[in-house]
Amino acid sequence: MQDQNPKKVYHPLDSVEDVEEFYQSIRREKLTHKLAPERPYCYWTIETYDKSNGIRGGGGLGVLAADMRRVAEQLQVPFVLVTPFYPWESHQRMENMEQIDYHTEKRYQDYGFNFVDTVNVKTATGAVALDVIEKRLGSSRFLCVTEPNFGELYSGESGSDHRLYQEVSLGFGGYKALKLVGCRPGIIQLNEVATFFAAVARLDELVSSGMDFYEAVVYTRKHTLYTNHTLVQAAEATFHYDQFERYVFPNIKSVSVKRWLSDKFTDGMIRLSTPTVEIAELRSGVSKLHARVANYHDINGNKIKFKSITNGIHMRTWTLPEIMDYYHTHGILDKFDLPTIRGFEENIEKITADDIRHLKNLGREKLNEILAHRTDQYGNPVFIPRDAMLFDFKRRFVDYKRPWLPFTDSNELARILQNHNAHYILAGRVHMGDTTMFGKLMDLLHLIDQNPILKERVHYLPDYDEELGLALSLGANSSINTPIVGLEACGTSWMKDIANMGILISTHDGGVADKPADSYLTVDGKNEAQEVKELYRQMEVAANAWQNDFDLEYWIHKELTAYLDVISGTRMMRDYLNYLF
Ligand SMILES: *Cc1c(COP(=O)(O)O)cnc(C)c1O
C-alpha cells in the first residue's frame with residue numbers, strides 16, 4: 001500500500017534497543033543468543049503467498065508463511081523462509097460465466113532474487129540440478145529452490161511422483177541450500193508435512209557426520225516444530241514404498257536413517273505425518289479449537305497432542321495505513337503491534353462512530369481503486385458507491401466454507417440487499433479439478449443472473465488473490481465467514497476484516513472460536529436451515545448497525561477488544577518463540 005500521508009505513519013523497529021526490549025518481553029534471557037544470522041529460525045513451506053516477491057500461493061497456508069517472514073523482518077528475528085519458486089502459476093478468468101484456468105510463466109530474476117549456486121537431488125534415474133536463489137529483506141530472507149520443470153504449486157495428484165519430487169527437492173535441496181549460504185538451523189519449523197524431508201536431511205547430516213543415531217534423533221526432535229493445519233489424518237496423501245525407493249532413499253546417506261524411515265511404512269504405504277510426529281517433539285495446531293480436535297495418532301495408535309498457537313497476520317500488510325496510525329497514536333497498539341499493556345481496552349472504548357466511518361470511507365476509496373482494474377462475472381469492472389453498504393465473502397471455493405449458503409433463499413437475500421442499499425461481493429477461486437465446486441459456482445452465477453436485484457447487487461470476482469483479499473477487507477462493511485463448524489483450522493481473512501473495522505458475521509469455528517461467541521455476530525443453529533435464518537438475521541443486524549452510531553461503536557469495540565491480541569502477528573511470533581525456547 002502506498003502511504004500518501006507525509007507525516008510518519010509507522011514506528012519501525014530499527015534500533016537494537018527496541019529489538020532487545022521485544023526479546024526481553026518474551027523471556028528475560030535474550031533470544032539473540034539462541035538465534036543468530038548464521039543460526040536462524042528456518043521456516044519450511046511448500047506454499048508461500050507473496051505476490052510482490054513473485055510467489056503465488058493457494059490459500060491460508062501460504063499467507064501464513066509470508067506473514068511469518070514479514071513479522072520476523074519487522075521484529076528483526078533472524079529468519080529464513082525455505083520455499084520453492086514455482087516457474088508457473090495458475091490464474092482464472094470468466095468466460096460465459098464459466099471459470100477458465102490459464103497459466104503464466106514466472107522468472108525469479110524479475111523479482112530481485114539472486115542466483116547462489118545449484119544443488120543436486122537424486123532420483124532413481126539420475127540427479128536433478130536445482131537452482132538455489134535468495135532474496136534478503138532485513139533480518140529475513142527467502143531461500144528458494146527451483147528449476148524449469150519444477151511445475152506449479154499443487155500440480156498433479158497429491159500422492160503423485162511429481163509432488164513427491166517437489167517435496168524431496170524442498171526438503172533435501174532446501175537443506176543443502178541452507179548450508180550453501182553458510183547457515184545451520186537454530187530451529188526448523190515444518191509448515192505441514194510436505195516439508196518433512198527437511199527434518200530427514202538434518203537427521204541424516206548429523207548421523208553421517210558421526211553422531212550416534214539415537215542422539216541425532218533426540219537432537220533433531222528437540223529442534224523441530226511441526227505445525228499442523230489439517231484436521232483429519234485420513235485426508236492426507238499416501239506414498240508407496242517404491243516411490244520412496246526412487247525419490248527419497250537415494251538422497252539419504254545413512255543406512256540407519258533409511259532403516260528408521262522404512263519402518264514407518266504399513267502395508268507398503270506411508271503417510272508423512274507418521275514419521276513427522278516422531279522427528280518433531282514440538283507440535284502445534286493453528287487455533288485453540290483446532291489443536292483440541294485435530295485427530296492424529298502416532299504409529300502406536302496414541303493420540304497426538306498439539307500446542308495451540310493461533311495464526312496471526314502481519315498487521316501492517318493487511319491494515320489500512322491510516323487505521324494502523326490510529327491504533328498507534330490512540331494507545332491501542334504499541335510499537336511492536338501488540339495491544340498496549342496498559343489501557344488498550346479503555347482506548348478502544350474511545351473510538352467513535354465518526355472515526356470508524358471516516359476510516360472506512362478511506363478504505364472504500366482504496367477498494368474502488370483496485371476494483372477498477374478487476375472484472376466481475378460479466379467481464380465488467382465493479383464500483384461500490386460510497387453510501388452503499390457492502391457485504392463480502394472472499395475465500396477459496398471449497399465446499400466446507402459454504403460460499404452458496406447466503407443464496408439458499410435468493411429472494412430473501414435480494415430483499416435484504418435492496419432494503420439496505422447493499423451490495424455483495426463474492427471473491428473466490430475453484431481449485432483445479434474440483435468439479436463439484438466448479439458446478440456449484442456456475443449454478444450460483446446463473447441464479448444471480450436470473451434475479452434482477454441480485455444481478456444488480458451481487459458481484460463475483462474471479463482469480464481471488466491477496467490484492468482482492470486486502471481490498472475487500474479495507475472497503476467492505478461486513479464480511480461473511482460460514483465454514484461448517486469443526487472444519488476450519490483457523491482462517492485469517494476474518495482477522496483482516498476485524499483489523500480494518502468491519503463487522504464480522506461468522507460461525508463459531510477456527511480461530512474465531514478462540515474467543516466467546518458474543519464477540520461478533522454469530523451464526524449458529526441445529527441444522528443448516530436454522531443457520532441460514534440466523535445468517536439473514538445477522539446481515540440485517542450488521543446493516544442496521546452501520547446506520548446507528550451506538551450499535552456501530554458497540555460491535556467494533558467488542559471485536560477489537562476480543563481479537564486484537566489474536567490477530568497480531570507479533571503475538572503469534574511471541575507465542576512461537578516462547579514455545580520454542
Ligand atoms: C487471507 C487470505 C487467505 C486466507 O483465507 P482463509 O480462508 O481465511 O484461511 C487466503 N487467500 C488469500 C488470497 C488471502 O488473502
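All ligand and atom numbering here is 1-based and tracks the order in the structure.
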>> Between Tyr563 and Trp494 (judged by ring centroids, cut-off 6.0 Å), do the two rings come close enough to count as a pair?
In response: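 When the ring centroids of Tyr563 and Trp494 are compared, they turn out to be within the sub-6.0 Å range.
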
>> Restricting to ring-ring contact (aromatic ring centres under 6.0 Å, His included), what partner residues turn up for Tyr460, sequence neighbours left out?
In response: Phe397

> Which of these, Tyr154, Phe150, Tyr108, sits in a ring-ring contact (aromatic ring centres under 6.0 Å, His included) with Tyr86?
Replying inline: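 The single option meeting the ring-ring contact (aromatic ring centres under 6.0 Å, His included) with Tyr86 is Phe150.
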
>> Distance alone, cut at 3.5 Å: any donor-acceptor contact between the side chains of His328 and Asp337?
In response: yes

> In a check of side chain to side chain donor-acceptor pair (under 3.5 Å) between Tyr520 and each of His508, Lys558, Glu559, Gln538, which one passes?
Replying inline: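 Among His508, Lys558, Glu559, Gln538, the one that satisfies the side chain to side chain donor-acceptor pair (under 3.5 Å) with Tyr520 is His508.
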
Find all protein N or O atoms under 3.5 angstrom from an N or O atom of ligand 1 and list the pairs with distances, or write 'none'.
| unit_1 | atom_1 | unit_2 | atom_2 | d |
| --- | --- | --- | --- | --- |
| ligand 1 | 7 (O) | Lys401 | NZ | 2.6 |
| ligand 1 | 8 (O) | Thr492 | N | 2.9 |
| ligand 1 | 8 (O) | Ser493 | N | 2.8 |
| ligand 1 | 8 (O) | Ser493 | OG | 2.6 |
| ligand 1 | 15 (O) | Lys496 | NZ | 2.7 |

> Which pair of non-hydrogen atoms, one from Met573 and one from Tyr41, has the smallest distance, and what is that distance?
Replying inline: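 Closest approach of Met573 to Tyr41, heavy atoms only: SD-CE1, 4.3 Å.
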
